[in-house]
Amino acid sequence: MQGAVPATYVRLLFDYLAERGFDGHDFLGMAVPDARARVPVAVWRDMLSRASERLSDPLLGLHLGREITPAHFGPLGYVFFACDDLGAALERLHTYQRLVYDVNPMGVAVEGAHTCLCWGQSRGRPGPLVDEAAVTALVQFARDMTGTRIAPAAVDFINPRPADTAPYEAYFGCPVAFGRDVTRVVLPTPLLALPLRRPDPALRELLEREARERLSALPDGDDLRRDVRRAVLRLAREGRPDLPAVAAALGLSERTLHRRLAGRGINFRRLRDETLRRAAEDYLADPGLRLADVALLLGYSEQSAFNRAFRRWTGRTPGAYRASLRPFPASPAIRRKRA
């Protein structure tokens with residue numbers, strides 16, 4: 001597993017235990033982390049597992065997520081609350097997700113009358129308690145911000161099906177499936193226009209400035225992975241982001257680079273394809289770039305070759321992916337400005 005969660009989010013568990021008469025330090029065998037620290041997701045998973053076992057509560061993730069408050073997201077929690085509507089808040093979540101939940105990145109897609117928020121497993125699978133706490137917290141926070149008991153159209157989890165799914169369906173108010181390829185929350189798109197209870201543009205801008213600074217200061221997390229990604233992107237424009245060329249660009253032998261990547265459990269071809277896919281998705285989000293331009297930026301002299309590669313990475317053509325890129329409908333406030 002890769003990734004981390006902010007200490008403010010981890011404190012949710014300490015607060016949950018305190019409300020039930022337990023001292024988190026004694027109960028978990030570890031101190032409350034410093035407010036500005038980042039906790040590895042593996043540590044967070046182990047904390048939840050220990051608490052779940054000692055409380056005899058296999059539904060701890062579901063129970064814990066309901067207790068979320070803006071403070072548990074740090075300053076960014078108040079940025080969400082100060083937005084005009086739910087769509088604007090979710091847009092901020094998409095932008096600053098690493099500050100809230102830096103594990104598997106959140107994807108967004110519009111499918112008909114629904115907007116889907118989804119998380120894959122490119123950075124590992126943290127397990128049911130971590131995933132259930134995060135998804136429950138997201139839905140609970142949306143309900144708190146709007147003052148409405150929002151019900152998703154569907155919720156899917158990547159983890160195996162538990163013995164009893166009734167508590168999940170009772171909380172989310174919709175069908176809940178398990179054992180899926182991705183974890184996702186499917187929202188009826190009209191819900192994104194729901195106004196929030198305390199919009200405050202001035203406060204939002206002030207706090208968002210701090211969020212931008214914090215985001216830019218986050219470490220990459222793996223210097224070798226970062227260096228390989230950069231080399232792949234640099235060499236892609238020359239059409240040669242293969243292992244020998246990347247190794248040479250990093251001043252290493254092909255054998256040494258292969259050995260170092262293997263020591264981290266990294267497959268070069270998968271890392272290269274993931275890097276090119278991410279770059280392609282970023283380029284496709286820019287309406288000023290033609291599909292042919294995107295292909296050339298990634299080193300494909302033939303549009304058809306790029307189409308085949310992108311379909312292999314995502315299951316969709318570049319054109320179909322670009323057509324789906326309407327993450328959040330413009331909020332009422334934005335529509336009024338445009339008018």
Side-chain angles (χ1 to χ4, degrees), residues 1 5 8-22 24 27-28 39 41-73 77 80 86 89-90 93 100-101 103-104 106 114-121 124-188 191 194:
M1 285 187 298
V5 295
T8 50
Y9 182 58
V10 171
R11 288 186 176 205
L12 174 61
L13 178 57
F14 286 84
D15 293 344
Y16 181 86
L17 293 172
E19 289 178 3
R20 285 150 184 80
F22 299 104
F27 196 87
L28 298 170
V39 178
V41 68
V43 174
W44 175 231
R45 178 201 59 191
D46 292 345
M47 293 170 69
L48 290 175
S49 297
R50 193 175 311 167
S52 174
E53 182 178 352
R54 292 200 61 186
L55 292 169
S56 299
D57 182 8
L59 297 175
L60 178 63
L62 193 64
H63 296 151
L64 189 64
R66 299 180 190 185
E67 306 295 323
I68 198 75
T69 70
H72 293 122
F73 287 131
F80 299 150
L86 182 60
L90 291 176
L93 173 61
V100 177
Y101 185 76
V103 189
N104 288 305
M106 182 178 82
H114 296 92
T115 297
C116 303
L117 314 179
C118 60
W119 299 264
Q121 53 181 316
R125 295 178 61 165
L129 291 172
V130 173
D131 291 346
E132 290 166 15
V135 171
T136 303
L138 172 63
V139 173
Q140 184 64 47
F141 204 57
R143 290 173 176 174
D144 291 343
M145 288 190 295
T146 60
T148 304
R149 186 172 172 76
I150 290 171
V155 171
D156 295 343
F157 285 105
I158 202 168
N159 301 299
R161 179 186 177 92
D164 184 7
T165 63
Y168 300 89
E169 293 174 350
Y171 173 74
F172 291 112
C174 66
V176 180
F178 294 84
R180 301 296 191 179
D181 292 335
V182 297
T183 292
R184 67 174 189 158
V185 177
V186 182
L187 296 171
L191 290 181
L194 286 174

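If you read the sequence from its start, that first residue is 1, and numbering goes on from there. If you're wondering where the values come from, they're calculated on a predicted model, not measured in any experiment.
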Who passes side-chain hydrogen bond (donor to acceptor under 3.5 Å, both in side chains) against T69, sequence neighbours left out?
->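 Listed in chain order: H72.
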Would a 4.5 Å heavy-atom cut-off, applied to side chains only, mark [X] and [Y] as touching?
X: V186; Y: C116; result: yes
X: L28; Y: L17; result: yes
X: L187; Y: L90; result: yes
X: V10; Y: W44; result: yes
X: T136; Y: Y168; result: no
X: Y171; Y: V155; result: no
X: L86; Y: I150; result: yes
X: F27; Y: L55; result: yes

Any donor-acceptor N/O pair, S52 side chain to L48 backbone, under 3.5 Å |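 No, S52 side chain to L48 backbone: no donor-acceptor pair under 3.5 Å.
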Is there a donor-acceptor contact under 3.5 Å from the side chain of R45 to the main chain of G127?
->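 No, the answer is negative, given that no donor and acceptor are paired below the 3.5 Å cut-off.
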Atom of [X], atom of [Y] and distance for their closest heavy-atom approach:
X: A151; Y: G173; answer: CB-O, 3.9 Å
X: G124; Y: N104; answer: O-ND2, 2.9 Å
X: R125; Y: P160; answer: NH2-CD, 4.4 Å
X: A137; Y: I68; answer: O-CG2, 3.6 Å
X: A153; Y: C174; answer: O-CB, 3.7 Å

For L93 and L138, run side-chain contact (heavy atoms from CB on, under 4.5 Å): C-alpha distance rounded to whole Å, both residues' side-chain angles, the deciding distance at 0.1 Å, then the answer.
-> CA-CA 10 Å; L93 173 61; L138 172 63; 3.6 Å; yes
Which residue pairs pass the side chain to side chain donor-acceptor pair (under 3.5 Å) test when at least one of the two sits in residues 172-187, sequence neighbours left out?
->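 Only D156-R184 qualify under side chain to side chain donor-acceptor pair (under 3.5 Å).
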Less than 3.5 Å apart, which donor and acceptor atoms pair up between the side chains of residues 57-64 and the rest of the protein, not counting sequence neighbours?
{"residue": "D57", "atom": "OD1", "partner": "L59", "partner atom": "N", "Å": "2.9"}
{"residue": "D57", "atom": "OD1", "partner": "L60", "partner atom": "N", "Å": "3.4"}
{"residue": "D57", "atom": "OD1", "partner": "H63", "partner atom": "ND1", "Å": "3.3"}
{"residue": "D57", "atom": "OD2", "partner": "H63", "partner atom": "ND1", "Å": "2.8"}
{"residue": "H63", "atom": "ND1", "partner": "L59", "partner atom": "O", "Å": "3.4"}

W119 and Y101 aromatic centres sub-6.0 Å =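 Judged by ring-centre distance (under 6.0 Å), W119 and Y101 do not meet the cut-off.
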Scan for ring pair (Phe, Tyr, Trp, His ring centres under 6.0 Å) pairs involving residues 139-160, sequence neighbours excluded, and state none if there are none.
->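 Sorted pair list: F73-F141, F81-F141, F157-F178.
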Taking atom CD of Q140 and atom CZ of R143, what is their separation to the nearest 0.5 Å?
->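 With rounding to 0.5 Å, CD (Q140) is 6.5 Å from CZ (R143).
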Between CG of D131 and CD1 of I158, what distance do you get to the nearest 0.5 Å?
->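 It is 7.5 Å, given to the nearest 0.5 Å.
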Sequence neighbours left out, what passes side-chain contact (heavy atoms from CB on, under 4.5 Å) with E67? Give chain and number order.
->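 So E67 forms a side-chain contact (heavy atoms from CB on, under 4.5 Å) with L12, Y16, E19, R20.
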Pair listing, salt bridge (Lys or Arg N to Asp or Glu O under 4.0 Å) test, anchored in residues 157-173, at least two apart |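 For residues 157-173, and leaving out neighbouring residues, there are no salt bridge (Lys or Arg N to Asp or Glu O under 4.0 Å) pairs at all.
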